[in-house]
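To start, the structure itself, in structure tokens.
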Amino acid sequence: KFEGKTTNREEFPAHVIVAKRPPVGLWVENDRTEILIHSGRELPARASRVFSTTEHGQTAVAVRIVQGWSRKASENARLGVFEMTGIAPGPPGKAQIKVTFDLDENGVLTVTGEDKESGQLQQARTQTMDK
């Protein structure tokens with residue numbers, strides 16, 4: 001699944017594995033992929049972005065998770081949808097949702113959503129592709 005080797009323990013920690021899998025990101029507006037974890041990253045890898053609601057009274061957001069080389073989200077493999085619910089209704093942009101991707105050495109992606117105002121956390125897991 002992965003390529004990479006450590007030869008000098010002082011230079012490279014033993015837990016470092018370099019991922020040779022396609023990047024993992026989010027499908028955002030206008031069919032654009034927002035890459036969170038790039039190919040070639042050492043694993044485990046973590047990346048976060050903060051997003052906000054776009055509609056008045058919005059109480060949920062759907063995070064569409066994609067993996068692939070294209071900047072067009074529709075041309076990448078769809079890994080799943082993570083839905084963050086229970087967001088307090090308000091005007092567009094009020095709710096700030098921190099989305100964190102954690103990719104482990106086995107290709108398991110854990111997606112965590114945090115409502116920054118309430119502190120509410122929700123989490124989902126999915127398996128990424130090797131190629």
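What you see is a predicted model; the values in this text were computed from it and never measured. Only this structure's heavy atoms are used, side chains among them; waters, hydrogens and symmetry mates stay out.
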Is the shortest side-chain heavy-atom distance between [X] and [Y] below 4.5 Å?
X	Y	answer
Thr59	Thr85	no
Val61	Phe51	no
Ser52	Gln96	yes
Gln120	Glu114	no
Ile65	Phe101	yes
Arg49	Glu34	yes
Thr100	Lys98	yes
Lys116	Val50	yes

*For the pair Gln122 and Phe82, evaluate side-chain contact (heavy atoms from CB on, under 4.5 Å) and give the outcome as yes or no after the intermediate values.*
CA-CA 9 Å; Gln122 292 179 24; Phe82 168 70; 3.8 Å; yes
*Tell me yes or no: between the side chains of Thr33 and Arg71, is some donor less than 3.5 Å from an acceptor?*
no
*With distance as the sole criterion, is a donor-acceptor pair present between the side chains of Asp102 and Thr112 under 3.5 Å?*
no
*Which is it for Asp104 and Leu43 under the side-chain contact (heavy atoms from CB on, under 4.5 Å) test, yes or no, and what are the steps along the way?*
CA-CA 6 Å; Asp104 73 11; Leu43 296 180; over 6 Å; no
*What distance separates Leu79 CG from Arg64 CZ, expressed to the nearest 0.5 Å?*
13.5 Å
_Spacing of CZ belonging to Arg78 relative to OG1 belonging to Thr126, to within rounding of 0.5 Å_ = 11.5 Å
*Heavy-atom pair of closest approach, residues Ser70 and Asn76*: O-ND2, 2.8 Å
*asked:* Show the nearest heavy-atom pair for residues Ile97 and Met84, with the distance to one decimal.
replied: CG2-CG, 4.4 Å
_With side-chain contact (heavy atoms from CB on, under 4.5 Å) as the criterion, how do Gln58 and Ile87 come out once you've worked through the C-alpha distance, each side chain's angles and the decisive distance to 0.1 Å?_
CA-CA 7 Å; Gln58 187 173 347; Ile87 299 169; 5.9 Å; no
_I'd like to check the salt bridge (Lys or Arg N to Asp or Glu O under 4.0 Å) partners of Asp115; sequence neighbours left out, ordered by chain and number._
none
